[in-house]
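First up is the structure itself, then whatever we jot down about it.
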There are 2 protein chains.
Amino acid sequence: MEPHVETEQRILNAAGEVFAERGFRDATVREICARAGANLAAINYHFGDKAALYGRVLDQARCWSDEHDRPILDAAGTPQDRLELFIRGMLNKLFDKGRPSWHTRLMSREMVEPTAAFDGLVDCTIRPKFDLLRGIVADLLGPPAPDPEDDRVILSAASVIGQCLHHHHCRHVTHRLLPGALDAPDLIPKLTDHILRFSLAGIAGLRQPGTTGAGRAAGGDR
Amino acid sequence: MEPHVETEQRILNAAGEVFAERGFRDATVREICARAGANLAAINYHFGDKAALYGRVLDQARCWSDEHDRPILDAAGTPQDRLELFIRGMLNKLFDKGRPSWHTRLMSREMVEPTAAFDGLVDCTIRPKFDLLRGIVADLLGPPAPDPEDDRVILSAASVIGQCLHHHHCRHVTHRLLPGALDAPDLIPKLTDHILRFSLAGIAGLRQPGTTGAGRAAGGDR
DNA sequence: TGGAGACTCAAACGTATGTTTCATACGCTT
DNA sequence: AAGCGTATGAAACATACGTTTGAGTCTCCA
């Protein structure tokens with residue numbers, strides 16, 4: 001860590017790790033600086049204060065996330081293919097071992113316990129992905145493809161996202177409940193395969209004209 | 001708040017709210033005491049310290065949770081009916097407005113950011129419900145019902161739980177993304193209906209002999 | 001009535017943390 | 001070489017927090 005060069009970037013990286021591990025409040029500027037090999041005063045000199053540093057870290061995570069998603073957003077193909085791409089991309093980001101994997105953990109943290117930067121994060125990062133998924137789901141529910149505001153579309157999109165996020169949000173539970181289950185080397189292909197099949201069948205099950213809010217649930221195919 | 005009576009219980013209730021709102025670290029004993037109308041020293045007098053108080057709060061949440069789940073655990077009926085009961089019960093607990101709704105938020109918090117009390121919580125509260133769900137899912141995948149350790153059983157159970165928890169874990173996102181979506185008075189019936197139909201169809205889609213971990217993902221029915 | 005134990009209260013203590021200060025070293029321009 | 005703006009370093013400052021202390025108050029029983 002040669003001195004005098006880019007301590008700002010070193011601090012940003014260290015801050016990302018620490019914020020992701022401990023959350024904004026529990027992260028201490030002392031640990032961040034120690035991990036970055038920088039002096040305590042560096043944070044206030046370069047960023048102003050801890051909150052501003054957090055904002056910059058989130059900005060950086062957002063940029064990386066955006067460029068990571070570009071290929072998925074632009075992809076063409078059948079709705080099934082695009083859904084597979086969506087699921088695989090999401091899981092890859094969630095479980096990306098090594099390198100800067102902290103920005104996903106950071107965003108998970110924001111979802112569960114929002115800070116002031118939350119609204120901007122939703123509008124810039126989450127909403128585009130959600131709209132994309134709604135489009136895919138609408139195509140799968142057709143023809144004719146229902147309106148993206150249709151309840152079946154919104155709820156099915158939530159079901160897909162919920163399945164993906166669950167394995168990340170509740171990873172500590174899974175780790176305790178089924179030791180080793182998350183350490184399998186082929187975890188992501190297996191999860192992708194399952195969630196894709198489960199979701200395609202689930203969406204197909206909503207295709208019949210049956211109104212969703214029928215009240216008397218559980219009719220179906222028993 | 002008549003003095004001299006049951007300040008212990010008042011503190012437990014206030015602590016539950018504050019811990020659920022802010023998390024263990026961000027919750028301050030001063031706010032808990034203020035909300036309970038008790039003196040600062042009362043916590044150390046009655047419970048020892050903040051960590052012990054947190055443990056007691058978690059114990060209480062666990063008791064309430066257990067007695068709340070009893071009717072669902074003991075229910076008989078077709079697998080479809082039991083799955084509906086499971087989903088509805090889970091959503092009801094997650095979105096139970098009013099009264100002590102904080103114990104669910106507290107457990108969500110433990111899932112995302114475990115404390116020392118986490119392992120006990122998983123073993124006593126989460127594991128039984130998960131095993132119950134595995135049994136239901138196995139029945140739905142049969143006949144013949146596969147082993148509860150089967151990947152399809154475990155992953156499908158995770159899919160059901162993930163869908164339910166998603167609406168709670170990511171409620172802040174949903175609130176920003178689709179304002180008012182979570183305020184509908186018939187929210188729980190609608191969510192129950194959707195998750196049940198989606199999951200029944202999803203599980204049915206896994207029923208064919210096709211091995212789940214085929215490596216070449218996304219074969220199936222495109 | 002009196003005293004002992006249970007409980008409450010206001011105040012203070014020690015520590016961890018975000019922030020600030022001021023002195024020092026480096027790179028660049030004149 | 002002198003001077004100036006930028007960056008770093010060690011130490012101190014102010015605050016918020018968990019915890020402790022010691023006095024005061026109430027209840028109950030002998």
Side-chain angles (χ1 to χ4, degrees), chain A residues 1-60 102 106 109-110 113-118, chain B residues 1-60 102 106 109-110 113-118:
Chain A
M1 8 190 114
E2 54 266 76
H4 280 232
V5 286
E6 294 167 2
T7 84
E8 214 173 287
Q9 194 57 44
R10 289 208 317 274
I11 291 178
L12 277 173
N13 290 337
E17 291 176 21
V18 179
F19 281 137
E21 278 176 29
R22 315 220 191 289
F24 177 75
R25 175 71 179 268
D26 284 13
T28 73
V29 295
R30 280 174 172 82
E31 177 172 2
I32 292 171
C33 288
R35 226 183 263 203
N39 186 269
L40 242 182
I43 282 185
N44 291 300
Y45 180 78
H46 288 281
F47 303 95
D49 61 4
K50 185 186 175 184
L53 169 62
Y54 184 75
R56 290 283 302 276
V57 168
L58 234 52
D59 286 344
Q60 186 157 325
W102 51 259
L106 205 61
R109 217 174 252 285
E110 275 288 330
E113 194 169 7
T115 70
F118 176 71
Chain B
M1 2 193 119
E2 53 266 75
H4 282 235
V5 286
E6 294 166 3
T7 84
E8 212 172 290
Q9 194 57 44
R10 288 209 317 273
I11 290 177
L12 277 174
N13 290 337
E17 291 176 21
V18 178
F19 281 138
E21 279 178 28
R22 314 217 192 291
F24 176 76
R25 175 71 178 268
D26 284 14
T28 72
V29 295
R30 281 173 171 83
E31 177 172 2
I32 292 172
C33 289
R35 228 183 264 200
N39 186 269
L40 242 183
I43 283 185
N44 290 302
Y45 180 79
H46 289 280
F47 302 95
D49 60 4
K50 185 185 174 185
L53 169 62
Y54 184 74
R56 290 283 302 276
V57 168
L58 234 50
D59 286 343
Q60 187 156 327
W102 50 261
L106 206 60
R109 217 174 253 285
E110 275 287 329
E113 194 168 6
T115 70
F118 176 70

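Chain letters run A, B, ... following the sequence lines, proteins first and then strands; every chain starts at 1.
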For atom CG of L53(A) and atom P of dT19(C), their distance in whole Å: 10 Å
Between dG18(C) (P) and E31(A) (CD): distance, integer Å: 10 Å
Sorted by number, the residues of residues 38-49 of chain B with heavy-atom contact under 4.0 Å to DNA chain C: N39(B), A41(B), Y45(B), H46(B)
T7(A) side-chain N/O to dA7(D) phosphate OP1/OP2 under 4.0 Å: no
Parallel, tilted or perpendicular, as decided by the 30° and 60° cut-offs, for the rings of F24(B) and F19(B): parallel
DNA chain D contacts among residues 17-30 of chain B, heavy-atom distance under 4.0 Å: A27(B), T28(B), V29(B), R30(B)
Residue list, side chain to side chain contact (heavy atoms under 4.5 Å, CB included) with E17(B), at least two apart or on another chain: R35(B), W102(B)
R25(B): side chain to side chain contact (heavy atoms under 4.5 Å, CB included) partners, not counting sequence neighbours: D26(A)
Partner set under ring pair (Phe, Tyr, Trp, His ring centres under 6.0 Å) for F47(B), not counting sequence neighbours: none
Residue pair L53(B) / I32(B), side-chain heavy-atom distance below 4.5 Å: yes
Nearest-0.5 Å distance, CG of residue N39(A) to CZ of residue R30(A): 10.5 Å
Closest approach of E113(A) to E113(B) (non-hydrogen atoms, all atoms of both residues): OE1-OE1, 4.3 Å
Salt bridge (charged side-chain N to carboxylate O under 4.0 Å, His left out) partners of residues 42-57 of chain A, not counting sequence neighbours, each pair once: E8(A)-R56(A)
